[in-house]
Amino acid sequence: MEKIKMTTPLVEMDGDEMTRILWKLIKDELILPFVDLKTEYYDLGLEYRNETNDQVTADSAEATKKYGVAVKCATITPNAARMTEYDLKQMWKSPNGTIRAMLDGTVFRAPIIVKGIEPYVSNWTKPITIARHAYGDVYKASEMKIPAAGKAELVYTNEAGEETRELIHEFDGPGILQGMHNLNGSIESFARSCFNYALDTAQNLWFATKDTISKKYDHTFKDIFAEIFEAEYKEKFEAAGIEYFYTLIDDAVARVMRSEGGYIWACKNYDGDVMSDMVATAFGSLSMMTSVLVSPQGYFEYEAAHGTVQRHYYKYLKGEETSTNPIATIFAWTGAMRKRGELDQLPELQKFADKLEKACIDTIENGEMTGDLYLISTLENKKKLNTEEFIQAIRKTLESNM
């Protein structure tokens, strides 16, 4: 068959460890035989980030602004152990954090539902999408260890040199403190991305903070969402038959546990980090979680919600067999191809993305799966496959669907 044509490149961000191995297998087995793939390639593997002083990460974000759609492999955010292991010049920042900040985006994460993988919360029958603000809070915090008794203050100095002070605490001995910030402009972008995504997907939108305790910081989030909704989106939501709902974060958690799913739950940065992992695990597996960064300017960056699968990579290096789940990484590619097809009016590319996703789900529901799913699947006739066997099984299903 003739390969499906593309007109505009995807920005391709390669990554680290086992997911980098999966990346090549997915391209070679599931994409290149069927699509005349066009990408602008950036190597975000830790070695090359170190070699370029992390300039490659910024370059990949700028390319995403240029082309509009990117697909990203999982990457290492180094700690002290990684500094030694990779002989790094410095402890480079999270590539995800850098890209999110440069694109001013919101991360939307949703579970992939398949038969035989039953949610641990039995009443969850529809996917729950977590919308995570991707700027500031604890991720850009300044921290200090307090060695002894003394006074700690927040100090703001305006451009005229005038100071405003707020007492944090009168320490009577050693302690710790942390200073967080956010930007009204970033919160506004977060709100618009959430409202737009709710309209695009025809889902209700929830938003939750702790404004009763944080009467300035969290309350600002609540107020900005309310102001933008009333001014720009209320009538659009009513016309679409969907709802915007605000509540406290603890009340939201209780409501989520009692719900059937089927909505978007918008969270501040740290809340979204934690809750997306909770939702992913409760639905069955973090390897079955899609993730897309959406900016209000219309940039899209698709990735898997999990990490680089370090333990499997070390087994792979020893020549040992692995059974690593590639589904979330495959869905990053399909999400990017579908969006590229939508923007470029290439229906065949969109259809291919749909067929590849269906092939993944059909393969699992036919009982062929990786070890993580094998352990939790309720299917009677199931078979555990290694990494390569599973991708080949998906290809066989895809070819039959084509």
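Note that this is a predicted model, so its numbers are computed, not measured.
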Exercise. Taking it one step at a time, do E348 and K5 satisfy salt bridge (charged side-chain N to carboxylate O under 4.0 Å, His left out)?
Worked result: CA-CA 8 Å; E348 290 304 312; K5 301 296 183 186; over 6 Å; no
For this session: Evaluate the criterion salt bridge (charged side-chain N to carboxylate O under 4.0 Å, His left out) for residue pair D250 and K210; output intermediate values, then yes/no.
Result: CA-CA 8 Å; D250 41 342; K210 194 66 173 176; 3.0 Å; yes
Exercise. Could you go step by step and tell me if E12 and K72 meet the salt bridge (charged side-chain N to carboxylate O under 4.0 Å, His left out) rule?
Worked result: CA-CA 6 Å; E12 178 184 352; K72 181 182 175 295; over 6 Å; no
For this session: Could you give me the CA-CA distance, side-chain angles and deciding distance for R395 and E29, then say whether salt bridge (charged side-chain N to carboxylate O under 4.0 Å, His left out) is met?
Result: CA-CA 7 Å; R395 178 168 177 173; E29 292 291 330; 3.2 Å; yes
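A distance of 12.5 Å separates OG1 of T129 from CH2 of W265, quoted to the nearest 0.5 Å. Between the OG atom in S287 and the NE2 atom in H306 there is a gap of 6.0 Å [rounded to 0.5 Å]. Atom CD1 of I364 sits about 8.0 Å away from atom CD1 of I112, to the nearest 0.5 Å. Here the NZ atom belonging to K382 is positioned 14.5 Å from the CD atom belonging to E365, to the nearest 0.5 angstrom. Taking CD1 of I249 as the reference point, atom OG1 of T212 lies at 11.5 Å (rounded to 0.5 Å). Atom-to-atom distance recorded for K236:NZ and Y244:OH is 16.0 Å, nearest 0.5 angstrom.
Judged purely by distance below 3.5 Å, without hydrogens or angles, the side chains of S323 and T370 never pair a donor atom with an acceptor atom. In this model, a donor atom of one side chain and an acceptor atom of the other lie less than 3.5 Å apart for D14 and Y41. A donor and an acceptor atom, one from each side chain of Q310 and T308, are nowhere located under 3.5 Å apart. When only modelled atom types and interatomic distance are considered, T397 and D362 share no side-chain donor-acceptor pair under 3.5 Å. Between D54 and T57, the side chains place a donor N or O and an acceptor N or O closer than 3.5 Å (distance only, hydrogens not considered). Counted by atom type alone, N196 and Y233 present one or more donor-acceptor pairs between their side chains at under 3.5 Å. Side chain to side chain, D137 and Y217 meet the donor-acceptor criterion of an N or O pair below 3.5 Å. Side-chain N/O atoms of Y299 and D104 include no donor and acceptor closer than 3.5 Å.
Ring pair F221/H133: centre-to-centre distance below 6.0 Å. Separation of the F225 and Y246 ring centroids does not fall under the 6.0 Å cut-off. Taking the six-membered ring for Trp and the full ring otherwise, H181 and Y135 have centroids separated by under 6.0 Å.
At least one test fails for R109 against the ring of F283: distance under 6.0 Å to the centre or angle within 45° of the axis. At least one test fails for K384 against the ring of Y374: distance under 6.0 Å to the centre or angle within 45° of the axis. Figure legend: K234 and F237 shown without cation-pi pairing, the cationic atom not lying both under 6.0 angstrom from the six-membered ring centre and within 45 degrees of its axis.
Taking the side chain as every heavy atom from C-beta outward, E162 and T157 never approach each other to under 4.5 Å. Between E301 and I99 the shortest side-chain heavy-atom distance falls below 4.5 Å. Residues L248 and T209 have side chains not in contact (no heavy-atom distance under 4.5 Å, counting atoms from C-beta outward). Looking at heavy atoms from C-beta onward, L293 lies out of side-chain contact with F300 at the 4.5 angstrom threshold. By the 4.5 Å heavy-atom criterion applied to side chains, F390 and N386 are not counted as neighbours. In this structure, I176 and E143 have side chains that are not in contact, with every pair of non-hydrogen atoms separated by 4.5 Å or more.
Applying the 6.0 Å contact sphere to CD of Q345 captures no more than 12 heavy atoms from other residues, nucleotides or ligands. Taking a 6.0 Å sphere around NZ of K358, one finds it holds 12 or fewer heavy atoms contributed by other residues, nucleotides or ligands. By the neighbour-count criterion of 12 heavy atoms within 6.0 Å, atom NZ of K396 is sparsely surrounded, having that number or fewer from other residues, nucleotides or ligands. Annotation for N158: atom CG counts as buried by contact number, over 12 foreign heavy atoms lying within 6.0 Å.
Ring planes of F195 and F229: tilted class, angle from 30 to 60°. The aromatic rings of Y313 and Y316 lie parallel to each other, with less than 30° between the two planes, well short of the 60° mark. Using cut-offs of 30° and 60° for the angle between ring planes, the W206 and F245 rings count as perpendicular.
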